Amino acid sequence: MPDYAVLAVFIPTFFFVSITPGMCMTLAMTLGMSIGVRRTLWMMLGELVGVALVAIAAVLGVASIMLNYPQVFDILKWVGGAYLGYIGINMWRAKGKMAIITGLEVKTSRMSLISQGFITAIANPKGWAFMISLLPPFINVDNAVGPQLAVLLGIIMVTESVSMLAYASGGKSLRLFLSRSDNIRWMNRIAGSLMILVGIWLALG
């Protein structure tokens, strides 16, 4: 499994990135207010499956390149670190607006909700870019990849579940809180600062 120093960096970074308003979180909040938290759990299930597939594909794809072409590892670290810094700077510069889901047609069947969550997770290009840039550098290819991926994936699943549940159950109070751009800007800047620091840490580590 990853060492404690790696986990100490990964856990808070992913938590603040996960809790920052995005498509999946605003979808959870919208459904939580319209159909209730219990029904929204089915959407969360689909979203978690989608996120897990994206994370696994990102790690295994990049890890295979690192194993077959070890000399590429340093380049990947610098590119990944630079991209994380770029994301962090953009989060600092963000205007503080919620991700608005337009044209949401609420279908309450279980399969419809699962599909909605799954598609939202895998169709998000920013999610792919984030997973590809953040996760692989936390994997040590000198050790077994499977156990390390399992630990990081477990952290991702718990973090995403807690974040979506918080949004789904927050209701009108959370919507009021997030309607103020200053609050979202504050969350973005915390997450952005962590992304910048992690980018530097990965590039120089």
Side-chain angles (χ1 to χ4, degrees), residues 10-61 87 90-91 94-135 149-181 183-188 190-191 194-195:
F10 181 78
I11 292 173
T13 302
F14 194 84
F15 172 77
F16 275 103
V17 171
S18 179
I19 201 70
T20 301
M23 290 299 292
C24 291
M25 297 305 142
T26 52
L27 176 61
M29 184 175 66
T30 302
L31 291 179
M33 293 181 64
S34 60
I35 65 176
V37 176
R38 290 184 61 185
R39 300 291 299 172
T40 304
L41 291 176
W42 292 105
M43 183 281 294
M44 296 182 194
L45 175 61
E47 195 270 351
L48 290 175
V49 172
V51 168
L53 289 177
V54 171
I56 292 171
V59 170
L60 294 183
I87 294 176
N90 282 341
M91 293 182 80
K95 299 294 185 180
K97 295 181 180 180
M98 267 184 82
I100 304 299
I101 300 177
T102 57
L104 177 63
E105 182 182 355
V106 178
K107 297 181 180 180
T108 57
S109 71
R110 292 178 179 179
M111 286 307 301
S112 295
L113 291 170
I114 292 173
S115 299
Q116 192 169 27
F118 180 78
I119 292 171
T120 301
I122 65 171
N124 184 358
K126 289 184 178 180
W128 279 95
F130 175 74
M131 290 294 186
I132 290 172
S133 61
L134 179 64
L135 284 182
L149 176 57
V151 172
L152 295 180
L153 193 58
I155 294 171
I156 291 171
M157 294 295 97
V158 171
T159 303
E160 283 285 296
S161 297
V162 170
S163 299
M164 284 193 294
L165 192 58
Y167 273 79
S169 59
K172 294 181 179 178
S173 298
L174 183 60
R175 182 181 286 273
L176 182 62
F177 174 81
L178 295 175
S179 66
R180 298 185 57 183
S181 61
N183 293 330
I184 297 181
R185 188 177 296 116
W186 175 76
M187 296 173 70
N188 281 338
I190 291 178
L194 286 170
M195 295 286 278

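Computed over heavy atoms, backbone and side chain alike; hydrogens, waters and symmetry mates excluded. These figures come from a predicted structure and were not determined experimentally.
Considering all non-hydrogen atoms of both residues, Leu153 and Ala52 come closest at CD1-CA, 3.9 Å. Between Ala121 and Val54, the closest heavy-atom pair is O-CG2, 4.3 Å. The two residues Val37 and Ser169 come nearest to each other via the heavy atoms CG2-CA, 3.7 Å.
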| said: Run Val151 and Phe10 through side chain to side chain contact (heavy atoms under 4.5 Å, CB included) and show every step you take. | reply: CA-CA 11 Å; Val151 172; Phe10 181 78; over 6 Å; no
| task | Could you give me the CA-CA distance, side-chain angles and deciding distance for Ser18 and Thr159, then say whether side chain to side chain donor-acceptor pair (under 3.5 Å) is met? | result | CA-CA 7 Å; Ser18 179; Thr159 303; 6.0 Å; no
| message | Walk me through whether Gln116 and Met111 qualify under side chain to side chain contact (heavy atoms under 4.5 Å, CB included). | response | CA-CA 8 Å; Gln116 192 169 27; Met111 286 307 301; over 6 Å; no
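For the pair Tyr167 (side chain) and Ile19 (backbone), a donor-acceptor distance under 3.5 Å is present.
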Please tabulate, one pair per line, all N/O donor-acceptor pairs under 3.5 Å involving side-chain atoms of residues 40-48, not counting sequence neighbours.
residue : atom : partner : partner atom : Å
Thr40   : OG1  : Leu31   : O            : 3.3
Thr40   : OG1  : Gly32   : N            : 3.3
Thr40   : OG1  : Gly36   : O            : 2.7

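The structure places CG of Leu152 at 10.0 Å from CZ of Phe14, a figure rounded to the nearest 0.5 Å. Taken from CD1 in Ile35 to OG1 in Thr30, the straight-line distance is 10.5 Å, to the nearest 0.5 Å. Residue Met25 holds its CE atom at 10.5 Å from CG of Leu165, rounded to the nearest 0.5 Å.
Using a 4.5 Å heavy-atom threshold, the side chains of Met29 and Met164 count as separate.
For Phe118, the side chain to side chain contact (heavy atoms under 4.5 Å, CB included) criterion is met by Val49, Leu53, Ile122, not counting sequence neighbours.
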